[in-house]
Every structure is written in structure tokens, then in C-alpha cells.
S.K.: 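Okay, handing you the structure first.
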Amino acid sequence: QVQLVESGGGLVQPGGSLRLSCAASGLSLDYYAIGWFRQAPGKEREGVSCISSSDGSTYYVDSVKGRFTISRDNAKNTVYLQMNSLKPEDTAVYYCAADLALTRCTVVAGGYDYWGRGTRVTVSS
């Protein structure tokens, strides 16, 4: 009955912004490391960002650093990914993932136990 549900995707122009949400049920996200991943058409899934449960530390891959921000709202049991200055190469299906055992978050997909089904982001003029 554990569920992670992503939302907030859509079609935006280059330079635009979107905020993705990952709403959890059946688990309390404040105890989990959370990662955001994406998969572009015809390409492998890649890590984007993560936030740790222990100290709230965050990590971003170089391609999104300075443009994306991950955050957690424990009261809403939701994790967000604010995406600014979007580029066409950001086009992908975005997934959130959760893991209880991680002491520090990772953007390696194999480190996570629970996954959402994704939300599509298309950046095009």
C-alpha cells in the first residue's frame, strides 16, 4: 500500500519553470531518503537530485545544479523538485524514489526501494 505519486509535469517553453511534487502514502517521508530521477526518450534513467532524511542534505548532478531545488514538506508528506531555467535536454519522464535504509541520499537508482510511476516534462518552443 506504499505509494509515491508524482505530479506537476507538463509542456513548458525553454527558460520556463515547473514544480514537481512527490506525494507519499503508506510511509512518512521524513524518515526516508528521497531521490528524483528522469528518463529521456530512448535513453537510460539518470539521477537528478536527492535529499537525505538524517540531516536534510541535498545533492544535485552538475547538469541541473543552480537550476533545480529539492525540498521536503513533512506536514504534507510531500517532496518537491523546483525546476527553473528549463532546457530542451531536461525533457523526460521524472520519477521520485524513497529508501528508509540510506543514511545519505544517492542519485544511483539501485539504492531505492520505492518508486513512483513518473510525470512527464516536455521543454519545447
Side-chain angles (χ1 to χ4, degrees):
Q1 63 272 29
V2 172
Q3 280 193 309
L4 300 174
V5 180
E6 302 94 338
S7 63
L11 174 64
V12 297
Q13 293 185 324
S17 297
L18 285 173
R19 189 177 75 158
L20 306 184
S21 298
C22 175
S25 60
L27 75 163
S28 296
L29 287 182
D30 53 322
Y31 297 110
Y32 287 76
I34 307 296
W36 281 98
F37 299 81
R38 65 187 182 186
Q39 188 165 17
K43 297 185 178 180
E44 294 184 342
R45 187 173 300 184
E46 64 173 349
V48 176
S49 179
C50 69
I51 184 167
S52 297
S53 62
S54 57
D55 59 2
S57 62
T58 59
Y59 176 81
Y60 305 89
V61 297
D62 288 343
S63 60
V64 308
K65 195 172 299 181
R67 300 188 297 120
F68 291 11
T69 303
I70 189 171
S71 62
R72 168 187 270 132
D73 187 336
N74 290 336
K76 297 181 179 179
N77 211 27
T78 300
V79 170
Y80 303 97
L81 184 68
Q82 178 68 45
M83 306 186 297
N84 299 325
S85 302
L86 284 163
K87 304 174 181 179
E89 51 262 44
D90 296 318
T91 296
V93 176
Y94 283 72
Y95 302 87
C96 67
D99 190 89
L100 181 62
L102 292 175
T103 57
R104 180 162 281 162
C105 75
T106 179
V107 291
V108 177
Y112 291 89
D113 292 328
Y114 303 106
W115 291 81
R117 305 193 78 87
T119 185
R120 186 181 303 274
V121 172
T122 302
V123 184
S124 177
S125 58

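In what follows, residues are counted from 1 in the order of the sequence shown. Heavy-atom basis, side chains included; hydrogens, waters and symmetry copies ignored.
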S.K.: Say whether Ser7 and Thr119, considering side chains only, have a donor N or O and an acceptor N or O under 3.5 Å apart.
M.R.: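 Short answer, no.
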S.K.: How close do Ala98 and Leu4 get, counting heavy atoms only, and between which atoms?
M.R.: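 Scanning both residues completely, I find the closest heavy atoms to be N-CD1, 3.8 Å.
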S.K.: Should the pair Phe68 and Tyr94 be assigned to parallel (<30°), tilted (30 to 60°) or perpendicular (>60°) ring geometry?
M.R.: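 Phe68 and Tyr94: tilted rings.
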S.K.: On a heavy-atom basis, which atom in Ser21 and which in Thr78 lie closest, and how many Å separate them?
M.R.: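 Distance-wise, the nearest heavy atoms are CB-CG2, 4.1 Å.
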S.K.: For the atom pair CG (Asp73) and SG (Cys22), what is the distance rounded to the nearest 0.5 Å?
M.R.: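 Output value for this atom pair is 12.5 Å.
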S.K.: Any side-chain heavy atom of Leu20 sitting closer than 4.5 Å to one from Gln82?
M.R.: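 The answer is no; the side chains never approach within 4.5 Å.
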S.K.: If you draw a 6.0 Å radius around CZ in Arg117, do more than 12 non-hydrogen atoms from other residues or ligands fall strictly inside?
M.R.: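 Incorrect, the count does not exceed 12.
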S.K.: In this structure, would Tyr31 and Ile34 fall into the same cluster of hydrophobic residues linked by side-chain contacts under 4.5 Å?
M.R.: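 Yes, Tyr31 and Ile34 fall within the same hydrophobic cluster.
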S.K.: Is the shortest heavy-atom distance from the side chain of Gln13 to the side chain of Ser124 under 4.5 Å?
M.R.: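 The answer is no, as the side chains (C-beta and beyond) never meet within the 4.5 Å cut-off.
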S.K.: In this structure, would Val93 and Val64 fall into the same cluster of hydrophobic residues linked by side-chain contacts under 4.5 Å?
M.R.: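 Each belongs to a different hydrophobic cluster.
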S.K.: Looking at Asn84, Val121, Val123, Thr122, which hits side-chain contact (heavy atoms from CB on, under 4.5 Å) with Leu18?
M.R.: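 Filter result, single survivor: Val121.
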S.K.: Going only through I, L, V, M, F, W and Y residues with side-chain contacts under 4.5 Å, is there a path from Tyr60 to Leu86?
M.R.: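 Yes, because Tyr60 and Leu86 connect within a single hydrophobic cluster, where side-chain heavy atoms sit under 4.5 Å apart.
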S.K.: Can you tell if the side chain of Val107 reaches within under 4.5 Å of the side chain of Tyr59, non-hydrogen atoms only?
M.R.: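 Side chain of Val107 against side chain of Tyr59, heavy atoms only: contact under 4.5 Å found.
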S.K.: With side-chain contact (heavy atoms from CB on, under 4.5 Å) as the test, would you mind laying out the steps for Gln39 and Glu46 before giving the verdict?
M.R.: CA-CA 6 Å; Gln39 188 165 17; Glu46 64 173 349; over 6 Å; no
S.K.: Specify the closest pair of heavy atoms between Ile51 and Arg72, including all atoms of both residues, with the distance to one decimal.
M.R.: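 Scanning both residues completely, I find the closest heavy atoms to be CG1-NH1, 4.0 Å.
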S.K.: CG of Asp99 to CG of Leu27: how many Å apart, nearest 0.5 Å?
M.R.: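 Rounded to the nearest 0.5 Å, the CG-CG separation comes out at 10.5 Å.
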S.K.: Ser57 and Cys105: which non-hydrogen atoms are nearest, and at how many Å?
M.R.: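 Closest pair (atom of Ser57, atom of Cys105, distance): O-SG, 4.4 Å.
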S.K.: What's the spacing between Ser49 OG and Arg67 CZ if we round to 0.5 Å?
M.R.: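 Here the rounded value is 12.0 Å.
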S.K.: Which distance, rounded to the nearest 0.5 Å, do you find between the CD of Glu89 and the OG1 of Thr91?
M.R.: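 Between atom CD of Glu89 and atom OG1 of Thr91 there are 8.5 Å.
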S.K.: Assess whether atom CD of Glu44 is packed by more than 12 heavy atoms of other residues, nucleotides or ligands within 6.0 Å.
M.R.: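 Result for CD/Glu44: open.
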S.K.: Count the heavy atoms of every other residue, nucleotide or ligand shown that sit under 6.0 Å from NZ of Lys43, and state whether that count exceeds 12.
M.R.: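 Atom NZ in Lys43 is not packed in, count stays at 12 or less.
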S.K.: Does any N or O in the side chain of Asn77 come within less than 3.5 Å of the main-chain N or O of Ala24, such that one atom is a donor and the other an acceptor?
M.R.: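 Between the backbone of Ala24 and the side chain of Asn77 there is a qualifying donor-acceptor contact (under 3.5 Å).
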S.K.: Got Glu6 and Trp36 here, is their nearest side-chain heavy-atom distance under 4.5 Å?
M.R.: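 With C-beta onward as the side chain, the pair touches.
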S.K.: Would Met83 and Ile70 show up in the same hydrophobic cluster when neighbours are defined by side-chain heavy atoms closer than 4.5 Å?
M.R.: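 Result: yes, single cluster for both.
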S.K.: For Lys87 and Asp90, what are the C-alpha separation, side-chain angles and deciding distance, and is it a salt bridge (charged side-chain N to carboxylate O under 4.0 Å, His left out)?
M.R.: CA-CA 5 Å; Lys87 304 174 181 179; Asp90 296 318; over 6 Å; no
S.K.: List the atom of Phe37, the atom of Ala97, and the distance in Å for their closest heavy-atom pair.
M.R.: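 Shortest heavy-atom contact: CE1-CB, 4.1 Å.
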S.K.: For residues Ala40 and Ala92, report the shortest heavy-atom separation together with the two atoms involved.
M.R.: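 That would be N-CB, 3.7 Å.
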S.K.: Should Tyr114 and Tyr95 be counted in the same cluster of Ile, Leu, Val, Met, Phe, Trp and Tyr side chains packed under 4.5 Å apart?
M.R.: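 Different clusters: Tyr114 never reaches Tyr95 through Ile, Leu, Val, Met, Phe, Trp or Tyr contacts under 4.5 Å.
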S.K.: Is there a side-chain contact between Tyr112 and Cys50, using heavy atoms and a 4.5 Å cut-off?
M.R.: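 Of all side-chain heavy-atom pairs linking Cys50 with Tyr112, at least one is under 4.5 Å.
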S.K.: Return yes when atom CD of Gln3 has more than 12 non-hydrogen atoms of other residues, nucleotides or ligands closer than 6.0 Å, and no otherwise.
M.R.: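 No, CD of Gln3 has 12 or fewer neighbouring heavy atoms, counting only those of other groups under 6.0 Å.
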